[in-house]
2 protein chains.
Amino acid sequence: MIVVTSVNVNGIRAAAKKGFIEWLAATEADVICLQEVRSEPEQLPVELRDLDGWHTVWAPAATKGRAGVAVLSRQEPSRTTVGFESAEFDNSGRYVEIDLPGLTVASLYLPSGEVGTERQEEKERFMAEFLVHLRKLRTRAAADGREVVVCGDWNIAHRPEDLKNWKANQKAAGFLPEERAWLSRVYDEAGYVDVVRRLHPDRTGPYSWWSYRGRAFDNDSGWRIDLIVTTPDLASTCIEARVERADSHAERWSDHAPVTAEFAFGDN
Amino acid sequence: MIVVTSVNVNGIRAAAKKGFIEWLAATEADVICLQEVRSEPEQLPVELRDLDGWHTVWAPAATKGRAGVAVLSRQEPSRTTVGFESAEFDNSGRYVEIDLPGLTVASLYLPSGEVGTERQEEKERFMAEFLVHLRKLRTRAAADGREVVVCGDWNIAHRPEDLKNWKANQKAAGFLPEERAWLSRVYDEAGYVDVVRRLHPDRTGPYSWWSYRGRAFDNDSGWRIDLIVTTPDLASTCIEARVERADSHAERWSDHAPVTAEFAFGDN
DNA sequence: CTTAGTAGG
DNA sequence: CCTAATAAG
């Protein structure tokens, strides 16, 4: 059994002041993939340095205060790789990969994009390069007899069920036809599986991000853009997948909620 | 009788959230000179627009969020002048003057300066130009039979009694020998009077600014840099002068405290 | 330490 | 609306 969580913390230093530390102390996850850490390792608050019981790999962006991904694991990784052999993106705090026994885990923070700007073109370049990487990753893993799980903020909602207001967002970054088609290729051509959708094929959401603007969270006007995407054999061992939406009992310490999947993996 | 207050609000929008509005509602001042407003008039919170019972003149800096002075008066000014005919400084939100019957009131925010930087040179240029203005102002006022009061954050402590730690600050901006000498010229050559010091010749302080860093406020480790400076005849009518240091009963809504002087001016 | 602007989200 | 870097104080 392995429990994997993905969460965009929207600034780990701010999150730490609002409840992330307590959430971390209580989680039963074995591996946690973080996005938008927005901190150099040296800038982390003491409570997040030398985390007891966790092995950590931090992959900050070259630009201070931007992006940044990390993976926390209870087991020590046998290998750690920052980036995906991309000249443009390896230094941008958007991808880090670790190897655990029989399993490769990656934390991904795909650019957000903004229609009509250079940042949308950057997103598209990232998507093109990253799809190549996903294919290679799967081929390599198959050759090694390994499974793969890519956790992250993909910044794309795949289908109308994945966001509250799909009609109004057809020309918005994150739900553009070309972005949705790209995600289809991740599934249909590269052969990956979105495990939350696999276990909950018919429901709307569950959303994992709600804008801080307006009453988006209270109205559950969200998007499902934080995805746990795995190789098919691993997906078939997924026995639970959920979004940990904050409620009156749990503080909201990010505009995203943790997404968690449990796999009967390595069990006898 | 006229009551005049000078206070550096350190961002009127932040101050408004912390108690400035309540202070303003309770004050008995007739004229209030503000410095470091740091807001365009259009950006002011509603509570500070069309202030009931006050005439207001706002002189923001050309650069948003920087400097900015204002004068609030219960009587309507007969004349309002932004700047002091300085090509360099008239647009920098550092000086505004109003005329009331028999009295010119000015709000001044002298540059803070920082030793060894261009900003110290800017401060020195300001001082040179402003001293010329002070002389003209006094000459003009004398010809018109008017008194003058220049309220503001002068960003200079005159003597050892005017700051907690004068020995350690002899090479610090705000207590440099040339700055202190300049203030002496304002008094001795241009003929103005610092009314708080006139009424309290022997005491240390009263300080009007305490850094937000460390425990400066709790230790009363402050500076007396907010001054009410007047023509001699007006000074001789000053019957009270004080600093309104925040205590357990009053919120601290700025790193500066209001300085208030009461003049038996216009009384029969 | 605090303010406000700014870029990114 | 929120985070963090930055400049100024």
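Since this is a predicted model, take the numbers as computed values, not measurements. Protein chains get the first letters and strands the later ones, always in sequence-line order, with residue 1 at the start of each.
- Judged by the 6.0 Å distance and 45° axis criteria, B:R252 is positioned over the aromatic ring of B:F217.
- The separation between A:R13 atom CZ and D:dC2 atom P is 18 Å, rounded to whole Å.
- Residues B:E244 and B:W23 bring a donor and an acceptor atom of their side chains to less than 3.5 Å of each other.
- Under the 3.5 Å distance criterion, with hydrogens and angles disregarded, a donor-acceptor pair is assigned to the side chains of A:E36 and A:N8.
- Side-chain atoms of B:W210 and B:D220 include a donor-acceptor pair closer than 3.5 Å.
- Taking atom CH2 on B:W210 and atom C1' on C:dT3, their separation rounds to 18 Å, with Å as the unit.
- Atom CG of A:L110 is separated from atom C1' of C:dG8 by 15 Å (rounded to the nearest Å).
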Side chain to side chain donor-acceptor pair (under 3.5 Å) evaluation trace for B:T204 with B:E161:
CA-CA 5 Å; B:T204 59; B:E161 304 80 64; over 6 Å; no

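- A:E122 comes within contact range of no nucleotide atom at all, as no heavy-atom separation falls under 4.0 Å.
- For B:W253 and B:F20, the gap between ring centers is short of 6.0 Å.
- For A:Q35 and C:dG9, the CD to P distance is 14 Å, given to the nearest whole Å.
- In this structure, B:I12 atom CD1 and C:dT3 atom P are separated by 14 Å, rounded to whole Å.
- Rounded to an integer number of Å, the gap from CG of A:L44 to C1' of D:dA4 is 14 Å.
- A ring-centre distance under 6.0 Å is not found for A:Y192 and A:Y187.
- Every residue two or more places apart in sequence or in another chain that forms a ring pair (Phe, Tyr, Trp, His ring centres under 6.0 Å) with B:H133 is listed here: B:F84, B:Y95, B:F130.
- Within the 4.0 angstrom heavy-atom criterion, only backbone atoms of the sugar-phosphate kind lie near A:Q43; the bases stay farther away.
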Would you write the dot-bracket representation of DNA chain C, where each base gets (, ), [, ], | or . depending on whether it forms a Watson-Crick or G-U pair under 3.5 Å and with which partner?
||||.||||

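- The interatomic distance linking A:E118 (CD) with C:dG9 (P) rounds to 11 Å, in whole Å.
- In this entry the distance linking CZ of A:F20 with P of D:dT3 reads 15 Å, nearest Å.
- Atom CD of A:E85 has 12 or fewer heavy atoms from other residues, nucleotides or ligands within 6.0 Å.
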Close N/O contacts between protein and nucleotides 6-9 of chain D (under 3.5 Å):
from	atom 1	to	atom 2	distance (Å)
D:dG9	OP1	B:R94	NH2	3.4
D:dG9	OP2	B:R119	NE	2.4
D:dG9	OP2	B:R119	NH2	2.6
D:dG9	O6	B:R213	NH2	3.2
D:dG9	N1	B:R213	NH2	3.1

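- OP1 and OP2 of C:dT3 both lie 4.0 Å or more from every side-chain N or O belonging to B:K17.
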